[in-house]
2 protein chains.
Amino acid sequence: MATIDDVARAAGVSISTVSYALSGKRPVAVDTRRRIQAAIDELGYRPNAGARMLAGRRTRIFALTEPLRLDTHAPTHMAFVLATAIAARKVDYDVLLLTDAETTTGMQRVADSALADAVLVLDVAPDDDRVALARRIPVPSVFIGVPDDHDGLVCVDLDFEAATIEAVDRLAALGHRRIGMLGHPEVSYDRSNFPPRVREAFRRRADDHGIAHDFRHTGVGATSTSAVRQGISEMLDAGATAILLHCSDTCHAIALAALDARGLDVPTDISLISVGSSFDTATLTTPIDALPLIPEESCERAVALAMACLDDGRCAPGVHLIPPTYRSHASIAPPPAAARRAG
Amino acid sequence: MATIDDVARAAGVSISTVSYALSGKRPVAVDTRRRIQAAIDELGYRPNAGARMLAGRRTRIFALTEPLRLDTHAPTHMAFVLATAIAARKVDYDVLLLTDAETTTGMQRVADSALADAVLVLDVAPDDDRVALARRIPVPSVFIGVPDDHDGLVCVDLDFEAATIEAVDRLAALGHRRIGMLGHPEVSYDRSNFPPRVREAFRRRADDHGIAHDFRHTGVGATSTSAVRQGISEMLDAGATAILLHCSDTCHAIALAALDARGLDVPTDISLISVGSSFDTATLTTPIDALPLIPEESCERAVALAMACLDDGRCAPGVHLIPPTYRSHASIAPPPAAARRAG
DNA sequence: TTGAAAGCGGTACCAT
DNA sequence: ATGGTACCGCTTTCAA
């Protein structure tokens, strides 16, 4: 490959001018810049990554740690990885993958060897091992998700509480007096950081409105269908006129099928809102209103925060919550007249 | 961070000795080596990645290109990414992610800037754009999958033909005379490189044995259940006594449910073999014999081939097929007596 | 068995 | 607006 010397010679300038023309950190005369660009194009020059890291003390690489646990939902996870990669490229950064056992030892290794400028932490657990590590290593890190102990850390996440509250409020405003919620499988409430936040907000807000509420977990794998069906049945039997969904796409589909099987129409007979889903609820057999978790938003914000750390050293520790957006697909309406009388 | 100078000073040796102690490329006296190691431990020294890349002309990074198309099966894909990362770490390499639009432009960029020593190509399409690129860029690449035009390329894959042939042979040996195969959705036969190879091998080998064969595609998404059920029904009605499965885990589950619904027992009434599946067929409601596609095997082989290129420049172009292994779970048996008489 | 020193290919400071 | 050059931290040749 051509080096910066080749370019300088071809353009008839010094290497520092080439360097400055590339970085823009110093004004370069227009036609000088043109000659340099021509040389670059002709030679197919690309700055050597290693040399740049060494001289510039910048790797232009983010390390992305992802445990890839067995219970990780692959499609959601992939969406986050992809979103991170795209967000990184927008600021001219690459992404280095740290998986499995390497999530912890790898963070240390990558930080110590200056292989990455910052670490992005995915798939955050409430008691995540990477919290302690993040505090120790010499490079900044940004958590996409909020661990229990997040003192001094930089965290990004959807504002799940706000999303849940908005969902409950909308139903309350329409006159619903009994609402249910279908949550994730029970284990997720220990392993993951956000489901408990949604559950709590749901109960509290419903209480605030004086609305009867009924939260139910869903099952995993083969048990999911029956668990969802049963949950739905019991909620309906108890008189629920609206259901919030905070669970997998499969669970959404099963719920819709169950309602359909009972001959219920959405939203005439029952209102539905999906909270914090990261798939498109508009493409379900019946589109559902949603306050979605958008990987692109979280990841772009995370990258922006990381860049701020690097550029000005302004690391903005704290939990950066992304305000939810309501996407309407006509899946909510006032409760049926019968329920209003009964309620 | 500590540098190699710090270590050298602390150990009372020159930096070249430290370097050689680390790389092992030159003998170092035992106690010298001990003193150096002590200094390294105490200082928490880790060689600077950028400096190493520059001086050593080795990045110790593999670029992993993965298109992440919409039709990509997320769990399978994740398994391959994970397997690649683990295999890479075993040889002290890291993995840089090239996704989406970056799969092609990124390959060029990473190669030109010497950000990676080699490129690993995942999710290979029959007419993959990355083929032309691989031939042009200045770093070696290894395809995990076989594109149509693979002249001069290094490719690794399960020997799908051999797997299919072994499956057919086993059924033939047991006396089956009518066998069916449930394949992937039709689109996959254009977008992916291996399904056609299985389909062809199936038909050819069955013909060789003089066995009646019936290949059927499955559907995608919501249509899959009905497509699988119908396919199974028609195969059984035509007298099939064994079915090969070369499709998703969901499709396997639906097939088992369909057989169960017809009151058929595996393997007494019907024999099943799964070909090229990358999930565990032993954990299905009825365990199924399999000639699995093992991501770990493919990825380790790919990494080994890449390393061979780098170490000795011996790049072994060609298609490196991994011989299949038969995993028995008691899902095949001779055809029922009735079928034998009828056949 | 070990040390000295010349790069590797950039960045950025100090001059002009 | 541009050029010269001292590093960045390591690998590897050449010498001893």
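Chain letters run A, B, ... following the sequence lines, proteins first, then strands; residues in each count from 1.
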Check: Which residues in residues 31-44 of chain A have at least one heavy atom lying under 4.0 Å from any atom of DNA chain C?
Finding: none
Notebook entry, point to check: If you check every side-chain atom of A:Leu54, which of D:dT11, D:dC8, D:dT2 has the closest atom?
Noted result: D:dC8
Item checked: B:Pro27, nearest nucleotide to its side chain (from C:dT1, C:dG10, D:dG9) -> C:dT1
Notebook entry, point to check: Rounded to the nearest Å, what distance is computed from the CZ atom of residue B:Arg9 to the P atom of nucleotide C:dA4?
Noted result: 13 Å
Notebook entry, point to check: Among C:dA5, D:dG9, C:dG10, which is the nearest nucleotide to the side chain of A:Arg52?
Noted result: C:dG10
Notebook entry, point to check: Between D:dT11, D:dT2, D:dT12, which nucleotide gets closest to the side-chain atoms of B:Lys25?
Noted result: D:dT12
Margin query: Can you say whether a donor on the side chain of A:Tyr20 sits under 3.5 Å from an acceptor on the base of C:dC13, or the other way round?
Written below: yes
Check: Would you say the side chain of B:Thr99 lies within less than 4.5 Å of the side chain of A:Val95, judging by non-hydrogen atoms?
Finding: no
Margin query: Nearest 0.5 Å, please: how far is CD1 in B:Ile294 from SG in B:Cys299?
Written below: 11.5 Å
Notebook entry, point to check: Rounding to a whole Å, what distance do you find between B:Ile4:CD1 and D:dC8:C1'?
Noted result: 14 Å
Kindly list each side-chain donor-acceptor pair under 3.5 angstrom involving residues 306-321 of chain A, sequence neighbours excluded, with atom names and distances?
residue, atom, partner, partner atom, Å
A:Asp311, OD1, A:Arg58, NH2, 3.0
A:His320, NE2, A:Ala316, O, 2.9

Next item on the list: Look at all strands and tell whether A:Arg57 reaches a base, only sugar-phosphate, or nothing, counting heavy atoms closer than 4.0 Å.
Entry: sugar-phosphate
Notebook entry, point to check: About how many Å separate CE of A:Met107 and CD of A:Glu102, when rounded to the nearest 0.5 Å?
Noted result: 12.0 Å
Check: Rounded to whole angstroms, how far apart are CD1 on B:Ile15 and P on C:dG7?
Finding: 15 Å
Check: In whole angstroms, how far is the C1' atom of C:dC8 from the CE atom of A:Met1?
Finding: 15 Å
Next item on the list: Quickly work out the B:Arg58 CZ to D:dG9 C1' distance and round it to whole Å.
Entry: 19 Å
Check: Which whole-number value in Å describes the distance from A:Asp112 CG to D:dG9 P?
Finding: 14 Å
Check: At under 4.0 Å between heavy atoms, what does B:Ser19 touch on the DNA or RNA strands: base, sugar-phosphate, or nothing?
Finding: base
Check: Under 4.0 Å: is that the gap between some side-chain N or O of A:Ser14 and OP1 or OP2 of D:dG3?
Finding: yes
Check: Under 6.0 Å from the CG atom of A:Asp129, do we count more than 12 heavy atoms belonging to anything else shown?
Finding: no
Atom pairs and distances, donor-acceptor, side-chain atoms in residues 131-147 of chain A, under 3.5 Å, two or more places apart:
residue, atom, partner, partner atom, Å
A:Arg135, NE, A:Asp151, O, 3.3
A:Arg135, NH1, A:Asp149, OD2, 3.1
A:Arg135, NH2, A:Asp149, OD1, 2.8
A:Arg135, NH2, A:Asp149, OD2, 3.4
A:Arg135, NH2, A:Asp151, O, 3.1

Item checked: Any N/O donor-acceptor pair, A:Arg26 side-chain to D:dG3 base, under 3.5 Å -> yes
Next item on the list: Count the heavy atoms of every other residue, nucleotide or ligand shown that sit under 6.0 Å from CD of A:Glu296, and state whether that count exceeds 12.
Entry: yes
Notebook entry, point to check: What's the closest nucleotide to the A:Ser16 side chain, out of D:dC10, C:dA12, C:dC8?
Noted result: C:dA12
Note to self: Given C:dA5, D:dT2, C:dG3, identify the nucleotide with an atom nearest to the side chain of B:Val13.
What the structure shows: C:dG3
Check: Can you tell me how far P of C:dG9 sits from CZ of A:Arg46, to the nearest Å?
Finding: 17 Å
Note to self: Closest approach to the side chain of A:Thr17, judged atom by atom: which nucleotide of D:dT11, D:dT2, C:dT11 is it?
What the structure shows: D:dT2
Margin query: Between P on D:dC7 and CG on B:Asn48, what's the gap in Å once rounded to a whole number?
Written below: 18 Å
Next item on the list: Drop me the distance from B:Thr3's OG1 to B:Tyr45's OH, to the nearest 0.5 angstrom.
Entry: 7.0 Å
